[in-house]
J.: 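My structure is below; once you've seen it, I'll send some questions.
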There are 2 protein chains.
Amino acid sequence: MDFEPLGLATDLVILTVRDGRLQVLLIRRGIPPYRGRWALPGGFVRPDEDLETTARRELAEETGLSAERIHLEQVATYGAPDRDPRGRVVSVAYLALVPDLPAPVAGSDAASASWVDATDVLDDSGRLAFDHHRILADGVERARAKLEYSPLATAFCPAEFTISELRGVYEAVWGLPLDPRNFHRKVTKTRDFVAPIGTTTTRDGGRPAQLFHRGTATTLHPPMTRG
Amino acid sequence: MDFEPLGLATDLVILTVRDGRLQVLLIRRGIPPYRGRWALPGGFVRPDEDLETTARRELAEETGLSAERIHLEQVATYGAPDRDPRGRVVSVAYLALVPDLPAPVAGSDAASASWVDATDVLDDSGRLAFDHHRILADGVERARAKLEYSPLATAFCPAEFTISELRGVYEAVWGLPLDPRNFHRKVTKTRDFVAPIGTTTTRDGGRPAQLFHRGTATTLHPPMTRG
DNA sequence: GCAAAAGTGTTCGGGATACACCCATGA
DNA sequence: TCATGGGTGTATCCCGAACACTTTTGC
């Protein structure tokens with residue numbers, strides 16, 4: 001068994017939708033390398049820790065959420081020999097989708113964390129440390145793609161939501177407007193995408209809207225379509 | 001920097017279509033652990049070697065093909081602490097799609113390698129060593145999904161192929177029959193999926209069929225549909 | 001009443017499906 | 001001539017896009 005010196009880490013692309021825009025949680029690095037630069041939250045995998053366990057632990061540390069109910073999925077692994085100036089570090093990237101947090105971002109480890117518009121970061125390929133721009137791009141692309149054929153958009157919503165709130169998620173992630181009428185019909189007619197609760201709300205203004213919670217579907221038939 | 005003792009490997013899901021069926025390249029392990037059991041080909045990442053470089057090297061060793069023109073993509077990374085009895089080994093899985101090889105499988109390292117029906121292996125979850133059953137399942141699922149929205153099926157074909165040979169790929173991977181007439185129209189009308197060469201062949205019998213090579217498309221609009 | 005958002009009805013066009021039918025070769 | 005697969009035409013159906021219109025609240 002040849003165990004070369006090697007670090008194993010996970011990095012997190014934590015996305016949310018706030019103010020109608022797709023945002024990503026970034027931290028400002030307090031220590032070298034890339035001190036003072038923005039980066040994705042992440043950390044090393046502990047011995048005997050599963051990769052997803054590491055990711056959930058990091059997620060809980062950064063967001064303050066008990067991460068059990070948060071959607072988390074592996075995106076890809078990055079292992080270019082020179083991607084970290086400290087030595088060989090291979091990083092497994094995870095994508096997390098969280099609802100708009102009522103509480104502010106919790107302490108994290110002294111480094112400052114904040115929500116940043118994902119499109120702004122993607123437009124500036126030099127803003128992030130390491131190869132995190134690429135990781136973010138891959139994570140966002142994954143999220144955009146999965147909205148089409150999975151009910152994942154509900155992961156951005158609180159437990160109870162209206163159809164137009166769900167539409168707001170699609171519009172924010174895809175960055176384009178959708179027809180409210182056709183969207184409403186499509187969502188409510190797709191089997192097990194959402195389930196009506198029976199109560200209504202007027203928090204979005206106008207006529208009271210029905211409240212829904214997630215359905216039981218894992219894939220959407222037929223899929224939602226982008227433009 | 002905490003560099004715990006850790007092995008980093010790549011495992012390959014190498015798929016082809018032979019005799020109208022989806023087949024996977026397996027090796028019989030000559031050394032413990034799991035000696036004598038079937039497994040996916042794979043090996044450790046060398047220092048200063050990129051992950052994909054490792055995968056291409058392994059692919060070349062196992063198939064004898066200069067792996068440059070072979071489709072290769074990362075699928076997922078598997079890192080359960082107990083997945084390898086020798087110690088902590090994290091494996092990055094890659095999916096390779098190769099045409100039906102005219103040459104037999106090259107020597108590989110003394111272990112015997114052979115093509116096996118993928119569905120047979122998937123039906124017997126205890127046949128493969130380590131967590132390779134799961135890795136194979138994920139790889140095959142990726143291949144099935146990508147045939148829908150990418151021109152990847154051509155990766156299973158030689159440089160020049162007929163539409164019905166391409167259809168054979170879809171039928172083998174998806175495991176269901178497709179209407180030859182509608183398939184023909186769909187493929188030839190989808191922009192840049194395939195490009196006619198101008199010559200014909202009668203190798204499939206019947207009326208001579210036009211030969212095509214891959215088009216320039218990276219995604220299919222509209223996608224091919226399953227069932 | 002008026003604005004605003006929810007929700008329904010309807011029309012139109014394109015793609016999927018099913019299948020009839022003709023074409024070009026080998027045997 | 002027949003068998004075999006290649007390829008085209010066409011009718012039907014469903015779904016997505018577009019949009020007119022009605023409903024139900026707050027102000």
Side-chain angles (χ1 to χ4, degrees), chain A residues 19-20 147-149 153 157 160-172 174 176-213 217 219-227, chain B residues 17 19-20 147-149 151 153 157 160-172 174 176-213 217 219-227:
Chain A
D19 307 325
L147 288 209
E148 292 191 3
Y149 57 89
C157 296
E160 301 183 356
F161 53 88
T162 67
I163 299 294
S164 75
E165 286 163 359
L166 185 64
R167 176 167 50 83
V169 169
Y170 276 89
E171 293 177 330
W174 287 348
L176 42 83
L178 299 173
D179 185 293
R181 289 97 36 126
N182 292 333
F183 183 87
H184 184 281
R185 195 180 358 239
K186 184 77 177 285
V187 168
T188 52
K189 288 218 191 304
T190 298
R191 273 184 64 94
D192 300 323
F193 188 1
V194 296
I197 288 179
T199 55
T200 60
T201 179
T202 57
R203 66 188 177 213
D204 298 324
R207 170 177 167 179
Q210 278 207 274
L211 283 168
F212 295 80
H213 53 64
T219 54
L220 263 29
H221 304 289
M224 306 297 289
T225 48
R226 255 193 272 201
Chain B
V17 172
D19 306 326
L147 287 209
E148 293 192 3
Y149 58 90
C157 296
E160 301 183 354
F161 53 88
T162 67
I163 299 294
S164 75
E165 286 162 359
L166 185 64
R167 177 168 48 84
V169 168
Y170 276 90
E171 293 177 328
W174 286 347
L176 41 83
L178 299 173
D179 184 293
R181 287 101 31 128
N182 292 332
F183 183 88
H184 184 282
R185 195 184 352 244
K186 183 77 177 287
V187 167
T188 52
K189 289 221 191 302
T190 299
R191 272 185 65 95
D192 299 323
F193 188 1
V194 296
I197 289 180
T199 54
T200 60
T201 180
T202 58
R203 65 189 177 213
D204 298 323
R207 168 177 166 179
Q210 277 207 275
L211 282 167
F212 295 81
H213 52 65
T219 53
L220 264 27
H221 303 289
M224 306 298 288
T225 47
R226 255 193 271 200

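Hydrogens, waters and symmetry mates play no part in the numbers below; they use all other heavy atoms, side chains included. The sequence lines fix the lettering, A, B, ..., with proteins before strands; numbering per chain opens at 1.
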J.: I need the CG-C1' distance between B:Leu211 and D:dG7, as an integer number of Å.
T.: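 Atom CG in B:Leu211 sits about 15 Å away from atom C1' in D:dG7.
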
J.: Atom CZ of B:Arg181 and atom P of C:dC23: how far apart are they, to the nearest Å?
T.: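 So the two atoms are 16 Å apart, to the nearest Å.
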
J.: Begin from the C-alpha positions of B:Leu211 and B:Thr200 and carry the test side chain to side chain contact (heavy atoms under 4.5 Å, CB included) through to its verdict.
T.: CA-CA 5 Å; B:Leu211 282 167; B:Thr200 60; 5.9 Å; no

J.: Specify the separation, in whole Å, of atom CZ of B:Phe183 and atom P of D:dT8.
T.: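 Roughly 14 Å, once rounded to whole Å.
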
J.: Using whole Å, what does the distance between atom P of nucleotide C:dG7 and atom CG of A:Asn182 come to?
T.: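 To the nearest whole Å, that distance equals 15 Å.
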
J.: Determine: side-chain N/O of B:Thr225 to OP1/OP2 of C:dT17, distance under 4.0 Å, yes or no.
T.: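 True: B:Thr225 side-chain N/O within range (under 4.0 Å) of C:dT17 OP1/OP2.
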
J.: Hey, which sits more toward the 5' end of DNA chain D by its nearest nucleotide, A:Arg207 or A:Arg185?
T.: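 Residue closer to the 5' terminus by nearest nucleotide: A:Arg185.
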
J.: Output the residues of residues 186-201 of chain A in contact with DNA chain C, where contact means a heavy atom of the residue under 4.0 Å from an atom of the strand; sort by number or write none.
T.: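 Within this stretch, nothing sits under 4.0 Å of the strand.
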
J.: Nearest whole Å is fine: how far is C:dG15 C1' from B:Leu220 CG?
T.: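 It works out to 14 Å between those atoms.
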
J.: Mind checking A:Pro222 for me? I need base, sugar-phosphate or nothing, with any heavy atom below 4.0 Å counting as a touch.
T.: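 Contact class for A:Pro222: sugar-phosphate only.
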
J.: Looking for any heavy atom pair under 4.0 Å, which part of the strands does A:Asp204 touch: base, sugar-phosphate only, or nothing?
T.: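 The answer is sugar-phosphate, as A:Asp204 gets under 4.0 Å only of primed atoms, P, OP1 or OP2.
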
J.: Taking only N and O in the side chain of A:Arg203, is any of them less than 4.0 Å away from OP1 or OP2 of C:dA5?
T.: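 False: A:Arg203 side-chain N/O out of range (4.0 Å or more) of C:dA5 OP1/OP2.
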
J.: Would you indicate whether the side-chain heavy atoms of A:Met224 and A:Val187 approach each other to under 4.5 Å?
T.: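 A side-chain contact under 4.5 Å exists here.
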
J.: Output the rounded distance in Å from CG (B:Leu178) to P (C:dC19).
T.: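 The distance from CG of B:Leu178 to P of C:dC19 comes to 15 Å, rounded to the nearest Å.
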
J.: Rounding to a whole Å, what distance do you find between A:Leu166:CG and C:dA6:P?
T.: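 For the pair A:Leu166 CG and C:dA6 P, the rounded distance is 12 Å.
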
J.: Please tell me which of A:His184 and A:Gly206 maps to the more 5' nucleotide of DNA chain C, matching each residue to the nucleotide holding its nearest heavy atom.
T.: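 Closest to the 5' end, via its nearest nucleotide, is A:Gly206.
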
J.: Contact class for B:Arg226 (heavy atom, under 4.0 Å): base, sugar-phosphate, or nothing?
T.: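 Contact class for B:Arg226: none.
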
J.: Indicate yes or no: at least one non-hydrogen side-chain atom of B:Leu176 is less than 4.5 angstrom from one of B:Leu178.
T.: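 Result yes, sub-4.5 Å side-chain heavy-atom pair found.
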
J.: Say you draw a straight line from SG of A:Cys157 to NE2 of A:His213; how long is it, rounded to the nearest 0.5 Å?
T.: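 Going from SG on A:Cys157 over to NE2 on A:His213, the span is 13.5 Å.
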
J.: Is B:Thr162 touching bases, backbone alone, or none of the nucleic acid, heavy atoms closer than 4.0 Å?
T.: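 Since no nucleic acid heavy atom lies under 4.0 Å of B:Thr162, the category is nothing.
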
J.: Are more than 12 heavy atoms from other residues, nucleotides or ligands located less than 6.0 Å from atom CZ of A:Arg203?
T.: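 Atom CZ in A:Arg203 is crowded, with more than 12 foreign heavy atoms closer than 6.0 Å.
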
J.: Do B:Phe212 and B:Glu165 have side chains that get closer than 4.5 Å, going by heavy atoms?
T.: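 They are not in side-chain contact.
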
J.: Verify the contact: side-chain N or O of B:Ser164 to OP1 or OP2 of D:dG6, cut-off strictly under 4.0 Å; return yes or no.
T.: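 Yes, because at least one side-chain N or O of B:Ser164 sits under 4.0 Å from OP1 or OP2 of D:dG6.
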
J.: Can you tell me the distance, in whole Å, between the CG atom of B:Asp179 and the P atom of D:dG7?
T.: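 After rounding, the gap between these two atoms is 14 Å.
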
J.: Quick one: does B:Tyr170's side chain get under 4.5 Å of B:Arg226's, heavy atoms only?
T.: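 Counting from C-beta outward, B:Tyr170 and B:Arg226 never come under 4.5 Å.
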
